[in-house]
Amino acid sequence: MTAPLDVLVVGAGPTGLALAAQLRAYGTGFRIVDRSLDRVRESRALGIQPRTLEALAGFGVTDALVARGNPAMRLHLHLTRRTVSLPLFDIGLPDTPYPFLLFLAQAETENVLGEHLAARDVTVERGTELIGLEQQGPHVVCRLRGRDGTEETVTARYVVGCDGAHSTVRDRAGIDFEGYAYPHTYLLADLDVDGLEPGAVHSFMTGGGMLFFFPLGSPAPWRLLAVRPSDAPDGKVTLPLLQGIADRYGAQDLVLRDPVWMTDFRLHNRGAARYRSGSCFLAGDAAHIHSPAGAQGMNTGIQDALNLGWKLALVCRGAAPRELLETYGTERAPVGREVRRFTDRAFTIGTSPHPVLRFARSQLVPRLAPLVMRARAPRAWVFRTASELGIHYRRSPASTTGPRPPRHGPRAGDRLPDRPQGLQARTAAPGWHLLLTGPPHLWPDQRLAPVLAGREDLITVHRLGERSPWPGVAQALVRPDGHLGYVASGTEPEGLRDYVARWLPTDPA
Ligand SMILES: Cc1cc2nc3c(=O)[nH]c(=O)nc-3n(C[C@H](O)[C@H](O)[C@H](O)COP(=O)(O)OP(=O)(O)OC[C@H]3O[C@@H](n4cnc5c(N)ncnc54)[C@H](O)[C@@H]3O)c2cc1C
């Protein structure tokens, strides 16, 4: 009998590709299958958030994304009588190397991830569909159907459903997908527009709703996004229909032309009741779908993958206990719920026909917009939230605060900031990173020996001296996904030793 595969990744959208990149970085045995014969050619998700850029930097793909993308630094809010220009992401992001929202078509993002995998001899098995799975003891027995119709049985230790909103893995694992559909239909088009200032996001706002133009670049200069007005004709999306809608939103000076892709779709807000059933996990759209307000969907999916991948890799390698896998749902399900709530609010404010919100859009926003410019704290909060830099796992069992936690600086469960600059790059290599601050002579090798014994290949030690995110003498263990697992002050290694013994035991169960 052949040994079971470590991980079967079902779905090669952005979530599955990011998971594959991480499993590859750890040398885990895996296969990645996708039922479609070709990768996505449509633009779909177009905003990459700073936290996603940080998280992908460890694989060396972020530079390629940034080189191909288009950072937008301003939002032009076109109101009935005037235009207000707001800086985007200009505050609240002092601790990231990527303080901008990067616009790049999803097709390009997948292309970059695909090239990364191909360069590392990973083949995405296209035309291969998961048609069934069954948990048998500790393993999952999966049935795959190839492009020529032949079926194959694969036994895997773990299966990850990165297979989108209509996930087969979720369905076969018996996990409910709870939520609701919005009554509206969205209109989407990638096209060229005469009359728009390049390099900015444009929003046309009326009591009836909002119309957006995002600077896409490729495959067309602009992405149009709007709610189809309730009295607009149903049916195929055409250029005259979109021009008519633009005119109604007060964008009559613009000329829409040369569409590359036009479509409409209904939006849902749903979440998986659980992120795991036995040895099956869900990530990305398979676990949560919501409105595109705030450009969160693809980003949350990629970050799900990067939370799970290293845990699976270490458990499969026998370097971490199976208990570590339980922290995936504990950490990521609240993030998914919060994204659904945040996008629902933004979507409702932007589209609701409720008279109060209509009034707010048509009357209050024009008056309040200049004040918003000056309201630094709320703007910083919005950017911090949208950028996903504020996501933390402080309540996770894998986040431990040791004795006398530092009064200032990031806490256990927070992401490691890039402060001082270059710290994230220094800790980007796969594995865990132990940061020791204060005078280096306080950290002789023999002090660390009980912590590191048997884990030398998993933990890299950095003596930071005074250039540290914490004042004074501190010790912090950074997880492979850039979040802090353990933080304490002082030089006593016992708390750290206990943390490492729990999550990286030399004899895991
Ligand atoms: C028309 C459209 C417009 C969108 N616009 C935006 C936007 O503006 N902003 C935004 O943030 N998001 C947008 N999205 C959502 C965004 O595309 C998703 O959030 C993102 O693709 C999720 O990535 P994923 O990898 O989790 O799932 P997906 O990209 O859906 O990938 C799932 C993959 O799994 C494969 N698969 C499914 N079932 C099986 C099976 N049984 N066996 C094998 N393979 C399988 C599929 O072929 C697919 O390749 C849009 C989506 C659509 C459809």
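Here the structure is a predicted model, which is why all the values come from computation and not from measurement. In listed order, ligands and their atoms are each counted from 1.
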Check each atom of ligand 1 against the heavy atoms of [X] and keep those under 4.0 Å away; list them by number with element.
X	result
Gly284	26 (O)
Gly297	11 (O), 19 (O)
Leu46	8 (O)
Thr15	23 (O), 24 (P), 25 (O), 26 (O)
Pro292	7 (C), 8 (O), 9 (N)
Thr128	43 (C)
Gly11	33 (C), 34 (O), 35 (C)
Leu188	3 (C)

- Item | Cation-pi geometry met for Arg223 and Phe213 (6.0 Å, 45°) |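 Here Arg223 fails the 6.0 Å and 45° test against Phe213.
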Say whether [X] and [Y], considering side chains only, have a donor N or O and an acceptor N or O under 3.5 Å apart.
X	Y	value
Tyr182	Asp344	yes
Arg266	Thr185	no
Tyr393	Arg332	yes
Gln135	Ser279	yes

- Task: Check whether any side-chain N or O of His392 sits under 3.5 Å from a backbone N or O of Arg394 as a donor-acceptor pair, and report yes or no.
- Result: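 Yes, the answer is positive, given that a donor and an acceptor are paired below the 3.5 Å cut-off.
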Backbone or side-chain N or O of [X] under 3.5 Å from ligand 1 N or O:
X	answer
Leu130	yes
Thr168	yes
Arg35	yes
Trp261	no
Pro14	yes

What part of [X] sits under 4.0 Å from ligand 1 if we count only heavy atoms: the side chain, the backbone, both or neither?
X	value
Arg223	side chain
Val10	side chain
Cys162	backbone

- Item | Protein contact of atom 30 (O) of ligand 1 - nearest heavy atom, named by residue and atom, plus distance |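 Looking at atom 30 (O) of ligand 1, the protein heavy atom closest to it is Gly164 CA, 3.7 Å.
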- Task: Note the single closest protein heavy atom to atom 14 (N) of ligand 1, along with its residue, its atom name and the distance in Å.
- Result: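 Here the nearest protein heavy atom works out to Ala45 N, 4.1 Å.
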- Quick one: does Leu102's side chain get under 4.5 Å of Phe100's, heavy atoms only?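 Yes; the side chains approach each other to less than 4.5 Å.
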- Item | Asp6/Arg31 ion pair, N-O < 4.0 Å |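 Salt bridge absent between Asp6 and Arg31.
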- Query: So, does Gly301 sit close enough to ligand 1 that a heavy atom of it is under 4.0 Å from the ligand?
  - Reply: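 Heavy atoms of Gly301 never come under 4.0 Å of ligand 1.
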- If you measure from each heavy atom of Leu17 to ligand 1, is any distance below 4.0 Å?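 In this structure, Leu17 fails to qualify as a contact of ligand 1 - no heavy atom is under 4.0 Å.
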- Task: For residues Tyr158 and Val315, report the shortest heavy-atom separation together with the two atoms involved.
- Result: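 That closest heavy-atom pairing would be OH-CG1, 3.7 Å.
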- Name of the residue among Gln49, Arg340, Glu388 meeting side-chain contact (heavy atoms from CB on, under 4.5 Å) with Thr300: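 That would be Glu388.
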Considering only heavy atoms, which of [options] lies nearest to [atom]?
atom	options	answer
atom 21 (O) of ligand 1	Arg44, Arg145, Gln106	Gln106
atom 47 (O) of ligand 1	Leu225, Asp34, Ile48	Asp34
atom 37 (C) of ligand 1	Val40, Asp163, Leu8, Ile302	Asp163

- Message: Angle between ring planes, Tyr328 versus Tyr275, binned at 30° and 60°: parallel, tilted or perpendicular?
- Response: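 Ring orientation, 0 to 90° scale: tilted.
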- Query: Can the ring centres of Phe103 and Phe214 be said to be less than 6.0 Å apart?
  - Reply: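 Ring centroids of Phe103 and Phe214 are less than 6.0 Å from each other.
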- Message: Looking at Arg395, I'd like to know if its CZ atom is crowded, meaning that more than 12 non-hydrogen atoms belonging to other residues, nucleotides or ligands lie closer than 6.0 Å.
- Response: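 No.
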